[in-house]
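These figures come from a predicted structure and were not determined experimentally.
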Amino acid sequence: MPSRSLKKKRKSIKRTRLHTPESYLPSFMRLKEKLKIPKYRRAILALTRHRDKSKYRCLLDFLFVEFFPSWKKECFRFYAGTAPPLKGHPA
């Protein structure tokens with residue numbers, strides 16, 4: 001049987017909300033720089049080889065949607081010109 005402190009910790013984890021994707025943009029900008037290095041790009045492509053990336057304009061968009069699936073619709077709305085870019089987008 002879990003201890004009281006463990007139950008309390010689990011409860012607080014459930015209440016924790018993810019930050020808006022905009023708060024992750026600095027990390028994605030660093031990733032963008034890393035993807036310019038061939039060995040990193042090859043590694044990401046190898047890890048995602050069974051996923052369809054052809055619908056995305058760039059690998060970074062694909063990775064963002066993989067991390068935040070709820071933003072997939074917004075990504076394609078942006079491609080269609082009916083949504084703003086993520087930076088500055090209301091969460």
Side-chain angles (χ1 to χ4, degrees):
M1 179 139 190
S3 69
R4 270 177 70 173
S5 64
L6 184 57
K7 284 182 184 179
K8 192 175 182 179
K9 189 174 187 176
R10 285 182 185 161
K11 200 178 238 185
S12 71
I13 289 171
K14 286 180 185 177
R15 288 185 191 152
T16 304
R17 303 181 104 202
L18 286 176
H19 296 283
T20 61
E22 188 170 332
S23 65
Y24 291 99
L25 284 178
S27 299
F28 274 88
M29 292 302 102
R30 285 193 300 274
L31 177 59
K32 183 179 180 179
E33 291 304 311
K34 290 287 186 188
L35 289 175
K36 291 178 183 177
I37 301 169
K39 71 177 184 178
Y40 293 117
R41 188 170 183 82
R42 281 193 306 269
I44 293 293
L45 290 171
L47 289 170
T48 61
R49 69 181 169 271
H50 298 296
R51 306 289 296 176
D52 182 15
K53 296 175 277 305
S54 64
K55 297 177 275 185
Y56 298 92
R57 290 183 181 172
C58 66
L59 185 56
L60 196 61
D61 288 353
F62 165 76
L63 291 171
F64 181 82
V65 170
E66 286 294 303
F67 284 110
F68 303 102
S70 63
W71 285 80
K72 185 175 186 174
K73 185 177 175 180
E74 286 298 308
C75 177
F76 290 109
R77 284 184 61 221
F78 170 69
Y79 288 172
T82 59
L86 179 62
K87 190 170 184 169
H89 192 290

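- With sequence neighbours excluded, the residues that form a side chain to side chain contact (heavy atoms under 4.5 Å, CB included) with Leu45 are Arg41, Lys53, Leu59.
- Looking at every heavy atom in both residues, Ile44 comes nearest to Thr48 through O-OG1, 2.8 Å.
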Would Tyr79 and Asp61 satisfy side chain to side chain contact (heavy atoms under 4.5 Å, CB included), going step by step from the backbone distance to the final call?
-> CA-CA 11 Å; Tyr79 288 172; Asp61 288 353; 2.4 Å; yes
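- Residues Phe62 and Arg51 approach most closely at CZ-CB, 3.6 Å, considering heavy atoms.
- Hydrophobic clustering (ILVMFWY, side-chain heavy atoms < 4.5 Å, transitive): Trp71 and Phe67 are in one cluster.
- Using a 4.5 Å heavy-atom cutoff, the side chains of Leu60 and Met29 are in contact.
- Legend: residues meeting side chain to side chain contact (heavy atoms under 4.5 Å, CB included) with Lys55, ordered by chain and number and at least two apart, are Asp52, Lys72, Phe76.
- By the side chain to side chain donor-acceptor pair (under 3.5 Å) test, Arg30 is found to be paired with Ser27, residues two or more places apart in sequence or in another chain being considered.
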Does the pair Phe68 and Glu74 meet the rule for a side chain to side chain contact (heavy atoms under 4.5 Å, CB included), with working shown?
-> CA-CA 11 Å; Phe68 303 102; Glu74 286 298 308; over 6 Å; no
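- Annotation: the span from Arg49 atom CZ to Arg42 atom CZ amounts to 14.5 Å, rounded to 0.5 Å.
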